[in-house]
Every structure is written in structure tokens, then in C-alpha cells.
Asks: 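Could you have a look at this structure, given as C-alpha cells, before my questions?
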Amino acid sequence: MTQNTQPPGTTGPASAPADLPTQYTPADVEGKLYERWVERGYFAAHAKSDKEPYTIVIPPPNVTGSLHLGHAFEHTLIDALTRRKRMQGYETLWQPGMDHAGIATQNVVERELAKEGKSRHDLGREAFVERVWRWKADSGGQISGQMRRLGDGVDWSRERFTMDEGLSRAVRTIFKRLHDDGLIYRAERIINWCPRCLTAISDIEVEYQEDDGELVSIRYGDGEDSLVVATTRAETMLGDTAVAVHPDDPRYAHLVGREIKLPLTDRTIPVVADPHVDPEFGTGAVKVTPAHDPNDFEIGRRHGLPQLTIMDEHAAITVHGPFLGLDRLEARSAIVGALRAEGRVVDEKRPYRHSVGHCSRCKTTVEPRLSMQWWVKVDPLARAAGDAVREGRVTIHPKDMASRYFEWVDHMHDWCISRQLWWGHRIPVWHGPDGETVCVGPDEEPPSGEGWHQETDVLDTWFSSALWPFSTLGWPEKTESLATFYPNSTLVTGYDILFFWVVRMMMFGTYAMDGVPPFRTVALHGMVRDQFGKKMSKSFGNAVDPLDWMDTYGSDAVRFTLARGANPGVDVPIGEDWVQASRNFANKIWNATRFALLNGATVEGPLPSADELSPADRWILSRLGAVVAEVDAYYEDYQFAKLSDALFHFAWDEVFDWYVELSKTTFAAGGPPADAARRVLGEVLDTTLRLLHPVVPFVTDELWTTLTGGESVVVAAWPTDPGFRDADAEREIEAVKQLVTEVRRFRADQGLQPGQRVPASLDLSGSGLAAHEEAVRALLRLTAPGEGFSATATLPVGGATVALDLSGAIDYEAERKRLTKDLAAAEKELAQTGAKLGNDSFVAKAPDHVVAKIRTRQETARADIERITAQLARLP
RNA sequence: GGGUGCAUAGCUCAGCGGUAGAGCGCCGCCCUUACAAGGCGGAUGUCGGCGGUUCGACCCCGUCUGCACCCACCA
């Protein structure tokens, strides 16, 4: 299922090596490349293709405002996944679009209006909505601009908006179906009301927060017929229609069934017995306000109590009298004052911390309010959504997030979907003159005539988002796109909207699409945080505009940093220093490729056969294959941090630091080995660039086209592991690395400058590294032992001996210290291993390879001690 | 009140039943002709506390402490 590699260009590398400057400047290539990708149609997804489809939909950003680092993060992950699949030969759709974001957007535009001193009511519904559309045109453009900068490989021809005609039709269609199936109903209940947004909001749009409140104790009734209730919301007492006590509470048994006087009013209210009351809490007596508290509402229902609404939509008191028109907070203190004046405040203002709900959009304290709203009956939908995961038809990554999913899906309350807003999908129900309602399907004519009007409420914004995986593909029409790209392959989104969005997509997708859930896999990512792990927020001042960093360091650097921090489901800290490090990495790749080009690295022709390859060639090819396999495995497990890190270290530590350095000697010598190395270097870079491309798309494309002459790495084949491994070569090069590192350490300890040439004789015969003498000399800056050479230091390393003429440069004191330290370490090692091996139960029970390993260590320690002792003895 | 997760190098985080790792930061030397956005070398941890299992625990179990987050109609 993979495409062929781009045929190598007939004209060779597109530009001469000398064309590459010594520093990578992202701005020079990013914009140019993105436009090229789009023009060439690389990101277009074709429904008629016979390739296997791979689909990811964008979690649609709100049209309000601009993308933040969290979006950049999410997009990086999605883009990496889709770019890889595209390279693997899948028909890949990365579906773009935006969400109308009901309340959020309406609020933003209302704020704009407020600056002009107007409210939406000054404009009227139609003009206001018109205004939002105009505003959306600007804001949406900004978001697509940011996505282009990020390099998002989306199919722009398929861009959708949740209020598009097509998607609105999808909304009306499913509404009608749910309605006719009895899964949408209208009911009067206590809902969460935002007195600032002037709309109902759903349970999950309420953010609970511990607030410092005050608990006031008030005496209700008089004399014998009195009791004390405690409340944090004294103002609601005007709406009390009962006092409740526990049925088994002896303190109040005599009062149950009696009427007592409600202070500040001329009403009396009954005392009722209800098991909901906790006799241990407060006084054991609760005031009951059915119209303003969800618990009280339930108590009221059980006892047939009247529901007395005492506040309007702004949460101001509507009861005639001294408190009329007061805001709920003003009313609270006014009423406590009045009660105090009557001597009814028994124990006042005990500080009390309790959790209070706030509107997630504007942070206003939510007011529970009795009102008529539209609801989705969630039971059957949620069960199906849960089963899809339980039965393994949908997999959640990381897997421990699944428990959160079930927790939610298995305990879901009916979903309040109506909003008293203007911006959104208007509910397709018409009210008749006699209070009758008709749900109107998308192809039906609404009833006309005297007294008929459409419902004024709009739908919760998540109602349309829940359809996103299929509405964007043309549903309810039976489009080819729908047939090809549904279900989506993967959903990539933050764990924070698991309930808002994922669950609802699961419910509606499974319902609308004949039981087929909307995606196969859900990959949940964490939230972006600052470099100290703190949540990013505008008010805290640590929020970062991704564009700033992209301007300074390039999009690749931002993307690589984000990918490198992406451990599944875990929050991602990101700091500017880290972006800098990624920028350095991009630059390093740039320069390594530049080196390769300057030295004639090539991708043309087949790889030389194994016997034509040097050990270094075989080593790096062996490692390359292993890395391809490793990266693939990490991708399958959404381990972006791991795969990025693996590539980073392979490229830098192995290819750049060692293979490139070793190849310098080979190139200098020339001949067939140099030709082989040129081909291998080309191969390694070609593959590495392709492996890196999904995460770091720009610099890799620029370099890959230059190196290979291919059309674009975007449409190049994803590397496959050729399965070439050479353990001998890996061991051999490891030995070279060890030798070089040890001698380098010695040199550094002697205070020799890194570049200082030192005459030396090498005896590599015992180490099997004789073939590497030239390379070792080059890496260690050793010159041939000339006239008057006299070894002043001799280092046995492995089976090799390096004799150096340091004449004068050596610091014997430092050397003595170093050797003494090494000796102590070796002696400690010997003691430790001796203790282990002397432990019979250890030797008996530990696996053989472990025992063998420790034996080896013991022998090494003995040899070290002998060697070091000898060296110490030789020192003057 | 339930639930989940986390405590590892100065910071942010990987890791794993067999003598601790990365990036950044830090120290020293170096503009060694791909790269100073670089090279080479180096230092650094009672792996949160206490118990237990095991030949062996950073890893498993229990417990304590601290910190996050999610859910919940306690006035």
C-alpha cells in the first residue's frame, strides 16, 4: 500500500550545494513551500480514489479570535499523522473547518457593539445575526492564515462551517429524526441560567469553583411553631414554599404537616418531611425554594409544592415590596438586614466555603432557574456510545482515559439543548396559535397562517459539533465522500472536551450512521502549559501567540518542540528555550545536508552490496533500519514525544556526530569506498528527512528536494525498514566510539586543546579496529609519529594501545588524580560484584544472563585495577 | 463526598524487577574548512517518607505526606 519513491530527477540536484547558506532561514522557505503544496493539490482528498482512506477531522476552532499554542499543538499532531499516512499511500483527508461557537461568538460581537454603545436589542435579531456573519468573515480568515503558517496539510476545498447551509440541513435532519423517535422533548425544569448571557446553559458548561460564602441562620415561624434554617442564599427565601426536615428527626416531628410563617411575607408555608434532608447538617431543617434550586425543585415535586419564581432573567427580584428590582446580591444583604431587624437572624454570617457554579463563558455566577427548555433524551444514545468503546469498536488512547469516558457516558443526565441566543441554529419547531408544536423536517414546509411562528431558541453549539465527523462529508446526502471517509480513522483532541464533544459525536454518530461510531480511535492529548508547568492564560500573562515564535524560530521549530513534549494524555510544557533548541536542530539538519551535498552524496542508483560497504556504512544502515521500525511503532501508539526524540538522537548523535565525521576520512581517501559512502550518506539523509517530514515539514521538504531532485517529500514514500541489520558492524563502530571517547577524555584531562595535534603511535591490532586507524587519527587529531617521537603516555583501551608523545604538554598531577579516582571506582566495582556473586541465593535465582553480566563486570574491574596500577607506577 | 493521576538531576519530563536517562541550564577547553543556532570533555540525583514482597525495588504491594485534575443537587 505504499507509493513508489519519487523518481530521481533526471537533472540531478535542483541547486548546487554552494547555493545553501550556512544558516537555515525558515522565512525564506516556509511560505513558498506551503503555497506550492496547496497549488499542486497534495492535500486534496479524492473520494473516488481506490486507495485506502485515512481521515481526521479538525476539532473545529471557534470563529472567535485566533489560534493559540494549544491549537498549534493539536494541529501538529494531526498534521504529522496525516502526512505520514499520505506518504504511506493512503487517500488522506485532513478535514478543515470552524465552529460557530454560539455563546462565545455572540458574546464577542456583543462586546464589539457595546463599544459603540449599542446592544443587540438595538439592532434586532436579523441585523445582529447579519453583523455576526460579517465579523466571522474577518476572524475566520485569520484562523486559516495561521493554519497555513503552521503548515497544516488540510484540504481547503472542503472547508466547512457549522452554520453552512449544508451543515444546517444536517442539524435540521437529525433534530427531526430525534424528535420523531421521541428522543427530543420539551420540559419545564430547573436549568443553569446565566444572568449575563441571558440563556440556559448545559450542566457541563458550568464550572464549579470554591467560593467563600456566609451561612446565615434564620428563624422561621413563631413560638412553638418555629424552627431555624441555615442558608447561603437568603434572598431566595422570598420564593420558599416549604421547610423540609428529615422524616425521622425527633426534633421536628411535631411540626411536620403544620404551617409556619415565612418571615418578611404574609405567607405561611408547610413543614414537610423528606429523606433528602441530612439531619446532621446545620440545623437539620432546610428552606425549600422549588423555583430556584434543583434539589428544592425535586423536593417540591415530591410534595406537590408551588413553584414561586421570584427573580427575572437578570436575577433581579420580581416580588413586589421593598426588595423589588434588587440584584440577587443586593437583595441578599437587604433581606438579611430586614430579618435581623425583626430579630430572626439567630447565628449570622458564619464563613462557609462551598462550591458555586459559574458560566464557563463569562464566569458569572449561574442562577438555577425554572424554565421551559428543549432536551435530548440521552439514555439510549449514551448506552450505544458506551457500548461502542466497551465492545472495542472504538479505542481510546491513552487507555486510562477510557475510565473517564465511561464514568460520564454511564451517568449522563438529559442534555438541555435550547439556548436563548440569536446566533446559532434556530430550533426547527413551529408553535401554533393554540400552543401546539410541529417539528419541521428539512424538506417540509413550515405551517403557515395566523398565529404560527418558529421557536425563537437556538441549539447548543455542541449540537452541530456532534455531527461534525459526517456533516462535513455531506450527510444527510449519501455522498461519495461520506461513503469513503466515514467513519473517520482517528480523532485527535484534548481530554478537556471529552464530554463536551467526543461523547456527543459518539452518540450522534452512532445514532445517525446506523450504529457505526464516528471514528475508530480517539487519541487524547494534554493541555499546553508554560515551561514551569503552569496553565497558560491571558490573565496570568504567560500565554504565547504561536505566530510570535514561528516568526522568530520558524514553524518547524514550534512544531518539533510541541511534538517532542507530546506524551499521550499528559499536559505539555513548552518554553521559548526549547523552541530555540528545536530551531538549532533544524539548522543542524540543514548543515548536515549541506555537508552531504558539498561532498557529492547521492540517492541515485542502487545501494552498494554489503561487501562494498565499510563497517561504518553497514553500521549506519543497520541503525537506520532499526530507527524506521522504532518510529513506526511509536506512531502506531501515538507516542509523538518518543518518536521525535528517537529521530532527534539518531540524526544528531549517530548520523551527524559519528557517521558524518567518520565519512570525512573516507571521502578524503577517495576511491570506491568513498563512492559507496556517498551513496550511503545520501540514503541515510534521504530516509531521515522523510522520517522527520511529518513533524518538521518545511525544512525537510526544502532539503529533500535539493538532495534528491524529487518532486516533494510531501508525496514521497514513507520509509520502510529494509530489514538490514549488522550486529558486527554495530559492535565495531561502538568500539571505535569508545576508543575515541576515552582518548578524548584523556586529552581533555591533560589540558590539551581539542584541536591540538599530537604525535602518536597506534596499535589497534588487538582490538580488531586496524581498518579504522585513519579515522581514529583524524577524530583524535593524532599525527604520525615522526622523528624524535617518544611516547610519554600509553593508554591501553580495549584491545588497542595508543601511545602519545605529549612532550611537555602533560600534567602529571592531573593524570595521577584521574587514575587514582578510576582505581577507587574499579575497586568499589570489584567489591560490589564480589558481594553479589558471593550471594548464593542470588546466583541460584538470578537469570543466567544477569549473572554472566556481573561476572564480566567483575573481570573488567580486575583488569582495570591491574592496568591502572601499572599506569600509576609508570608516572614519574 | 467520590474518582483518577502524579511525586526521578537546578527546571520540565522520560524510564525500568537487575549498579539512574533526555532536553534546557551549569563548569572547562576550542571559531578543528557542514554547522559557534557549533565541537569536545565534565559535574549533578539517599528516584517524596515509612513499612512489606524479593537473591535483588526507582520500578510490585501497603501506608503516610504533598500536588494536580475530573465528577457530584449537601442547604
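Keep in mind that this is a model prediction, so the values were computed, not measured.
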Asks: Is it true that the side chains of A/Ser202 and A/Glu205 contain a donor and an acceptor less than 3.5 Å apart?
Replies: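 Yes, because at least one side-chain N or O of A/Ser202 sits under 3.5 Å from a partner of the opposite role on A/Glu205.
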
Asks: Would you list the protein and nucleotides 53-58 of chain B atom pairs, both N or O, that sit under 3.5 Å from each other?
Replies:
{"from": "B/rC55", "atom 1": "OP1", "to": "A/Lys845", "atom 2": "NZ", "distance (Å)": "2.0"}
{"from": "B/rC55", "atom 1": "O4'", "to": "A/Ser841", "atom 2": "OG", "distance (Å)": "2.9"}
{"from": "B/rC55", "atom 1": "O2'", "to": "A/Asn839", "atom 2": "ND2", "distance (Å)": "3.0"}

Asks: Using the 3.5 Å cut-off, write out each protein N or O paired with an N or O of nucleotides 28-32 of chain B and the distance between them.
Replies:
{"from": "B/rC30", "atom 1": "OP1", "to": "A/Gln753", "atom 2": "NE2", "distance (Å)": "3.4"}

Asks: Could you tell me how far apart A/Ile589 (CD1) and B/rA34 (P) are, to the nearest whole angstrom?
Replies: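 Whole-Å distance recorded here is 18 Å.
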
Asks: For A/Glu298 and B/rA75, give me the distance from atom CD to atom P, rounded to whole Å.
Replies: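 That distance rounds to 17 Å.
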
Asks: Looking at A/Trp578, does the NZ or CZ of A/Arg564 lie under 6.0 angstrom from its six-membered ring centre and within 45 degrees of the ring axis?
Replies: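 Verdict for A/Trp578: no cation-pi partner in A/Arg564.
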
Asks: Classify the nucleic acid contact of A/Asp293 as base, sugar-phosphate or nothing, counting any heavy atom under 4.0 Å across all strands shown.
Replies: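 Result for A/Asp293 = nothing.
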
Asks: For nucleotides 2-10 of chain B, read 5' to 3', which letter fits each nucleotide if B means a protein heavy atom sits under 4.0 Å from the base, S means only the sugar-phosphate is that close, and - means neither?
Replies: B--------

Asks: What residues, two or more places apart in sequence or in another chain, satisfy ring pair (Phe, Tyr, Trp, His ring centres under 6.0 Å) together with A/His525?
Replies: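 A/His525: ring pair (Phe, Tyr, Trp, His ring centres under 6.0 Å) contacts with A/Phe73.
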
Asks: Over all strands shown, is A/Thr593 touching base, sugar-phosphate only, or nothing at heavy-atom distances under 4.0 angstrom?
Replies: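 Answer is nothing: A/Thr593 stays at 4.0 Å or more from every strand.
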
Asks: In dot-bracket, 5' to 3', how would RNA chain B read with Watson-Crick or G-U wobble pairs under 3.5 Å, [ ] for crossing ones and | for pairs to another strand?
Replies: (((((((..((((....[..)))).(((((.......))))).....(((((..]....))))))))))))....

Asks: Please measure how far the P atom in B/rU4 lies from the corresponding atom in B/rC40, and state the result in whole Å.
Replies: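 Straight-line distance between the two P atoms is 48 Å.
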
Asks: Name all pairs fulfilling the salt bridge (Lys or Arg N to Asp or Glu O under 4.0 Å) condition that reach into residues 569-585 of chain A, sequence neighbours left out, sorted by first residue then second.
Replies: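 Every salt bridge (Lys or Arg N to Asp or Glu O under 4.0 Å) pair that includes a residue of residues 569-585 of chain A, provided the two are not neighbours, is A/Arg529-A/Asp571.
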
Asks: Of the candidate nucleotides B/rG39, B/rC40, B/rC11, which contains the atom at the shortest distance from the side chain of A/Trp652?
Replies: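 It is B/rG39.
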
Asks: Between C1' on B/rC74 and NZ on A/Lys287, what's the gap in Å once rounded to a whole number?
Replies: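 Value for this atom pair: 14 Å.
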
Asks: In chain order, what residues pass the ring pair (Phe, Tyr, Trp, His ring centres under 6.0 Å) check against A/Phe667, with sequence neighbours excluded?
Replies: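 By the ring pair (Phe, Tyr, Trp, His ring centres under 6.0 Å) rule, A/Phe667 matches no residue at all.
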
Asks: How far does the P atom of B/rC59 sit from the matching atom of B/rU63, given to the nearest Å?
Replies: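 Here B/rC59 and B/rU63 have their P atoms 16 Å from each other.
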
Asks: Mind calculating the distance between CD1 (A/Ile574) and P (B/rC11) to the nearest angstrom?
Replies: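 Roughly 20 Å, once rounded to whole Å.
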
Asks: Checking only heavy atoms, does the side chain of A/Gln580 share a donor-acceptor pair with the base of B/rA37 at less than 3.5 Å?
Replies: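 For A/Gln580, whose side chain was compared with the base of B/rA37, there is no donor-acceptor pair (under 3.5 Å).
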
Asks: Taking only the C1' atom of each, what is the distance from B/rC35 to B/rC6 in whole angstrom?
Replies: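 To the nearest whole Å, 40 Å.
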
Asks: Over how many whole Å does the gap from A/Ile204 atom CD1 to B/rA72 atom P extend?
Replies: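 Roughly 9 Å, once rounded to whole Å.
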
Asks: Please measure how far the C1' atom in B/rU8 lies from the corresponding atom in B/rC55, and state the result in whole Å.
Replies: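 About 25 Å, rounded to a whole number of Å.
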
Asks: With sugar-phosphate meaning primed atoms plus P, OP1 and OP2, does A/Phe656 contact a base, only sugar-phosphate, or nothing at under 4.0 Å between heavy atoms?
Replies: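 Base, at least one base heavy atom under 4.0 Å.
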
Asks: In residues 659-668 of chain A, which residues come under 4.0 Å of RNA chain B by heavy atom?
Replies: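 Those residues whose heavy atoms fall under 4.0 Å from RNA chain B, taken from residues 659-668 of chain A in numerical order, are A/Val660, A/Glu661, A/Lys664.
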
Asks: What nucleotide among B/rA75, B/rA22, B/rC35 has an atom nearest to a side-chain atom of A/Lys588?
Replies: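 It is B/rC35.
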
Asks: If the P atom of B/rC11 is compared with that of B/rU53, how far apart are they to the nearest Å?
Replies: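 Going atom to atom, P in each nucleotide, I get 35 Å.
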
Asks: Would you mind reporting whether A/Leu795 and A/Glu742 have side-chain heavy atoms less than 4.5 Å apart?
Replies: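 They are not in contact (no side-chain heavy atoms under 4.5 Å apart), so the answer is no.
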
Asks: How long is the line joining CG of A/Asp278 and P of B/rC74, in whole Å?
Replies: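 Rounding to the nearest Å, CG of A/Asp278 and P of B/rC74 are 12 Å apart.
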
Asks: Would you say A/Trp658 and A/Asp653 are linked by a side-chain donor-acceptor pair, where the criterion is simply a distance under 3.5 Å?
Replies: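 There is no such pair between these side chains.
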
Asks: Taking B/rU19 as the reference, what is the distance to B/rG52 when you measure between their C1' atoms (whole Å, please)?
Replies: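 Taking atom C1' in both B/rG52 and B/rU19, they lie 23 Å apart.
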
Asks: B/rA37 phosphate, OP1 or OP2: any side-chain N/O from A/Trp578 under 4.0 angstrom?
Replies: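 Answer is no, no contact under 4.0 Å.
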
Asks: Which residues satisfy the ring pair (Phe, Tyr, Trp, His ring centres under 6.0 Å) test with A/Tyr24, sequence neighbours excluded?
Replies: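 For A/Tyr24 the ring pair (Phe, Tyr, Trp, His ring centres under 6.0 Å) partners, ignoring immediate neighbours, are A/Trp590.
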
Asks: Between B/rC13, B/rC11, B/rA75, which nucleotide gets closest to the side-chain atoms of A/Thr231?
Replies: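 Closest nucleotide among those given: B/rA75.
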
Asks: What residue pairs, at least two apart or across chains, pass salt bridge (Lys or Arg N to Asp or Glu O under 4.0 Å) with a residue in residues 397-411 of chain A?
Replies: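 Matches after skipping sequence neighbours: A/Arg390-A/Asp410.
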
Asks: Could you tell me whether A/Glu367 and A/Arg233 make a salt bridge, using a distance below 4.0 angstrom between a side-chain N and a carboxylate O?
Replies: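 Between A/Arg233 and A/Glu367 there is a salt bridge, with a charged N closer than 4.0 Å to a carboxylate O.
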
Asks: Whole Å only: how far is the CZ atom of A/Phe297 from the C1' atom of B/rC74?
Replies: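 Rounding to the nearest Å, CZ of A/Phe297 and C1' of B/rC74 are 19 Å apart.
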
Asks: Checking all strands, does A/Arg745 fall into the base, sugar-phosphate, or nothing category for heavy-atom contacts under 4.0 angstrom?
Replies: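 Sugar-phosphate, backbone atoms only, no base.
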
Asks: Which listed nucleotide (B/rC40, B/rC35, B/rC70) is nearest to the side chain of A/Phe499?
Replies: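 Selected nucleotide (nearest to the side chain): B/rC70.
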
Asks: P atom, B/rG39 versus B/rG45: distance in rounded Å?
Replies: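 To the nearest whole Å, 26 Å.
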
Asks: B/rA36 and B/rA68: how far apart are their P atoms, nearest whole angstrom?
Replies: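 It works out to 45 Å between them.
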
Asks: Using whole Å, what does the distance between atom C1' of nucleotide B/rA75 and atom OH of A/Tyr220 come to?
Replies: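 These atoms are roughly 11 Å apart.
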
Asks: Touch check for A/Asn599, heavy atoms < 4.0 angstrom, all strands: base, sugar-phosphate only, or nothing?
Replies: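 Here A/Asn599 touches no strand at all.
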
Asks: For A/Phe648, enumerate each residue passing the ring pair (Phe, Tyr, Trp, His ring centres under 6.0 Å) test, keeping only those at least two apart in sequence or located in another chain.
Replies: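 A/Phe648: ring pair (Phe, Tyr, Trp, His ring centres under 6.0 Å) contacts with A/Phe585, A/Trp652.
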
Asks: Identify, between A/His411 and A/Val570, the residue whose nearest nucleotide on RNA chain B lies closer to the 5' end.
Replies: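 Its nearest nucleotide lies further toward 5', so the answer is A/Val570.
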
Asks: Within the structure shown, what part of the strands sits under 4.0 Å from A/Tyr24 by heavy-atom distance: base, sugar-phosphate, or nothing?
Replies: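 Answer is base: heavy atoms of A/Tyr24 come under 4.0 Å of a base.
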
Asks: What pairs meet the salt bridge (Lys or Arg N to Asp or Glu O under 4.0 Å) rule with one or both residues in residues 274-293 of chain A, with sequence neighbours excluded?
Replies: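 For residues 274-293 of chain A, and leaving out neighbouring residues, the salt bridge (Lys or Arg N to Asp or Glu O under 4.0 Å) pairs sorted by first residue read A/Asp240-A/Lys287, A/Asp274-A/Arg302.
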
